[in-house]
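Here is the naming used below: chain letters follow the sequence lines, and residue numbers restart at 1 for every chain.
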There are 2 protein chains.
Amino acid sequence: MDLSERSREILRAIIQSYISTAEPVGSRTVTKRYNLGISPATVRNIMSDLEELGFLVQPHTSAGRVPTDKAYRFYIDTMLEIKSLPRQQEEEILNYPLHRGDFHQLMQETTKLLSALSHYTGIVMAPKPAETVYRHMEFVRLTGGRVLAIFVSNAGIVHNRMIILDEDLTQKELERISAFLNHEMAGKTLREMRNRVFQLMEDDKNKYTRLLMKFMKVWQDASYEGEVEAEAELFVGGLSEMFNIPDFKDYEKMKELFLAFEEKHMLLKLLDLAMDAEGVQVYIGSENKYFEMQGISLVVATYRGEGNVIGTLGVIGPSRMPYNTVIPLVDCTARVLGRLISER
Amino acid sequence: MDLSERSREILRAIIQSYISTAEPVGSRTVTKRYNLGISPATVRNIMSDLEELGFLVQPHTSAGRVPTDKAYRFYIDTMLEIKSLPRQQEEEILNYPLHRGDFHQLMQETTKLLSALSHYTGIVMAPKPAETVYRHMEFVRLTGGRVLAIFVSNAGIVHNRMIILDEDLTQKELERISAFLNHEMAGKTLREMRNRVFQLMEDDKNKYTRLLMKFMKVWQDASYEGEVEAEAELFVGGLSEMFNIPDFKDYEKMKELFLAFEEKHMLLKLLDLAMDAEGVQVYIGSENKYFEMQGISLVVATYRGEGNVIGTLGVIGPSRMPYNTVIPLVDCTARVLGRLISER
DNA sequence: TATTAGCACTCTATAGTATTGAGTGCTAAG
DNA sequence: CTTAGCACTCAATACTATAGAGTGCTAATA
């Protein structure tokens, strides 16, 4: 992208202006607010060029111009100066009462933190059962052959699954199975456990064979039904912030947005995708095929638990977002959450 | 309320008309759609009376009339003929795949079911930890003196709490505590357990005293912090249905509504209140002080688990709701959920 | 006395018109 | 290459006229 220094300056000015006012930017505004020693007419010429290059569009002929997704991408990649997080905001994150309650609450509170500080909507994707390393598992006998399998990770994340056997086991028997499986499976993810189950089922010299066979058969069925590969849980907080954003002052737009939020699959796919990359990532408008929506961007970061990347979190807002403050905010929150999980 | 038979007929006609069209009802409409052998002028006189009695209001002078909360209340109490649920809808409820997954998913899916069938927003209040009867508890040692306490109810509801001890216990020690407490506490609610803890702490002849003391001290603190008395979890599904309701076609109204949804306390208080009554209840508009909102009503029913009322569920929509179909729908869903929980 | 036809009146919603102002693109001069 | 100047475009706003739905009141009627 070979823009002249001056064109870049003007593009930056337009983007910054639009980010702070949400109003289409005219040539006069540029010269007045950012004195570049240049006349409106000149700016107009350059703006016209920038439009041709796909960085700007006009809502209508007699309006100023608005940055495109391409412009935001360019801005973020080549001219964004990320501030370090202001001391005060960092304090706020550190003092936010995240540490109370169980894992669910931790996730939920984190979305609220993200939302409160960004004034946008906060999202957190919880660790996926299939990829969580469990330290302990427990089988609790309920009535009617039903057994509740409870998995606990190092970080205190609890997942559970109902297992329905056609045979009623005593709690004692379950405890034997439980002891055996704990020994066999501790430190594994659900995915790894499933593989181990297949392995064990080959080996019929096992002394728990009959019970285990039953158990594992059911387990296998469960994973066939997609339970092991189940989607991660998605937490959303601060949805109502969306109503304060002038970009979304349109009823139909809002409806579309909320429908998308209710259909969590797409958002989860996107967040899952973000697991593969390092650091903070920004998805602008139509850049991603899973949550493609005019004028909406996501700022996403991965968070770690005991070393590994275990989930992602971030913020959803208008593409017209003050990235220089939101990015460090998301980054810091991800770190803090990671620390909390690891030292929980 | 001594209305003449004819006044009642007209009021009913107006309410039914408004429920189905969402348009203010004029005198001519009443005579045309419900032929009562009466002229518009007569209807006007009666409508004027009904307005004076507080059953109707006019949005403006030259508009028809709209039922007030008082009118809906009267309608529901004295002239609603509740249909039995159509066979087809009952089928739909019974066939809805609620039974998969864990308790959380069950709750979430139930909100979706309610929403899908009513075309409004579904809500389910999960059983409160403080009032859930637990069959089993388990303590899992994590790193750094942290212990995860896991409680399992008969129905397979799992709650967990992090307990932080300033002393590192081995899993063996925990198992001893766990065995003792399971023996001591099984079949109790969290609230009852707390009381029992106080009792046990008096008794220092107990052979587990030192560990238990530690443990219970922390437990006590936790309950002091309100963890035992924690609010029930609220599940909401089908929020976006709100966007399809003409009554809420206003941006500001919508914003207000979503803010109320995010502040779940109020809604929970109301649902909690509903636990005390039997059968299906309807809260119209300003009738309740916790989720008071112009034009919005709730249809709520309690559901049972193994005999006891353990939670509530329902539907939120415009006061202008076809109660004769929504009420049996909510009723049936509550029954089905109860059955699923009890036979889980 | 209760009902009803008739009519004037009220008020919203809709369409049409005029005006304003922001902003552009083009042209010609510097 | 830059810029002043100017005609042009278009959305937003305010104003006006009109149509239509519905009422309340009055006087006639059963």
Side-chain angles (χ1 to χ4, degrees), chain A residues 2-11 13-15 17-18 20-68 71 246-247 249-251 253, chain B residues 2-11 13-15 17-18 20-68 246-247 249-251:
Chain A
D2 47 348
L3 290 181
S4 72
E5 187 54 36
R6 198 172 58 178
S7 301
R8 290 168 46 91
E9 278 313 307
I10 289 174
L11 183 56
I14 293 170
I15 293 175
S17 170
Y18 189 67
S20 61
T21 66
E23 295 292 332
V25 186
S27 53
R28 240 176 75 81
T29 315
V30 173
T31 56
K32 261 206 303 191
R33 274 241 283 276
Y34 310 79
N35 48 342
L36 306 167
I38 231 172
S39 82
T42 311
V43 172
R44 275 205 288 285
N45 289 331
I46 294 173
M47 281 169 88
S48 179
D49 295 347
L50 288 171
E51 179 162 8
E52 211 162 339
L53 289 169
F55 288 114
L56 300 175
V57 281
Q58 283 183 286
H60 55 265
T61 349
S62 74
R65 282 173 169 100
V66 166
T68 60
D247 305 58
K249 271 282 175 284
D250 176 60
Y251 195 88
K253 181 95 197 167
Chain B
D2 48 347
L3 289 181
S4 73
E5 188 53 37
R6 199 171 58 180
S7 300
R8 289 167 48 92
E9 278 315 307
I10 289 175
L11 183 55
I14 292 170
I15 294 174
S17 169
Y18 189 67
S20 62
T21 66
E23 294 292 331
V25 186
S27 54
R28 241 177 73 81
T29 315
V30 173
T31 57
K32 261 205 304 191
R33 275 241 283 275
Y34 309 79
N35 47 343
L36 306 167
I38 231 173
S39 81
T42 312
V43 172
R44 274 206 288 284
N45 288 331
I46 295 174
M47 281 169 89
S48 178
D49 295 346
L50 288 171
E51 179 162 7
E52 211 162 339
L53 289 169
F55 289 114
L56 301 174
V57 280
Q58 282 183 288
H60 57 264
T61 349
S62 74
R65 283 172 168 100
V66 167
T68 59
D247 307 57
K249 273 279 174 288
D250 175 60
Y251 195 88

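Rounded to an integer number of Å, the gap from A/Arg44 CZ to D/dC6 C1' is 11 Å. When the C1' atom of C/dG23 is taken as reference, atom CG of A/Asn45 falls 14 Å away, rounded to whole Å. Note: CG (B/Asp49) to C1' (D/dC25) measures 15 Å, nearest angstrom. Per the geometry, CE belonging to A/Met47 stands 17 Å off C1' belonging to D/dT2, to the nearest Å. Rounding to whole angstrom units, CZ of residue A/Arg65 and C1' of C/dG23 are separated by 9 Å. Whole-Å rounding puts the A/Gln58 CD to D/dT9 C1' distance at 10 Å. Going from atom CZ of A/Arg33 over to atom P of C/dG23 covers 11 Å, rounded to whole Å. Between B/His60 atom NE2 and D/dG24 atom C1' there is a gap of 15 Å when expressed in whole angstrom units.
Applying the 4.0 Å criterion to OP1 and OP2 of C/dC11, one finds that B/Thr61 has a side-chain N or O inside that range. Phosphate contact (OP1/OP2 of D/dT3, side-chain N/O of A/Thr42, threshold under 4.0 Å): present. Distances shorter than 4.0 Å separate some side-chain N or O of B/Ser39 from OP1 or OP2 on C/dT4.
Here the CD1-CZ distance, from B/Ile46 to B/Arg6, works out to 4.0 Å after rounding to the nearest 0.5 Å. Atom CG of residue A/Leu50 and atom CD1 of residue A/Ile14 lie 6.0 Å apart, to the nearest 0.5 angstrom. B/Thr29 OG1 to B/Tyr18 OH: the interatomic distance, rounded to the nearest 0.5 Å, is 13.5 Å.
Formation of a donor-acceptor pair under 3.5 Å by the A/Thr31 side chain with backbone atoms of A/Pro40 is not found in this model. B/Thr21 contributes a side-chain N or O that, together with a main-chain N or O of B/Ser17, makes up a donor-acceptor pair within less than 3.5 Å.
Listed candidates were C/dT4, C/dG23, C/dT12. Nearest to the side chain of B/Ser62 is C/dT12. Of the candidates C/dT4, C/dT24, D/dG24, the closest approach to any side-chain atom of B/Ser48 belongs to D/dG24.
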List the steps, then state whether side chain to side chain contact (heavy atoms under 4.5 Å, CB included) holds for A/Val25 with A/Ile15. CA-CA 9 Å; A/Val25 186; A/Ile15 293 175; over 6 Å; no

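B/Arg28 CZ: 12 or fewer foreign heavy atoms inside a 6.0 Å radius.
Rounded to 10°, the helix from C/dT1-D/dA30 to C/dG30-D/dC1 has 20° between the axis fitted to its first five pairs and the one fitted to its last five.
Looking at heavy-atom distances under 4.0 Å, B/Arg28 makes no contact with the nucleic acid at all.
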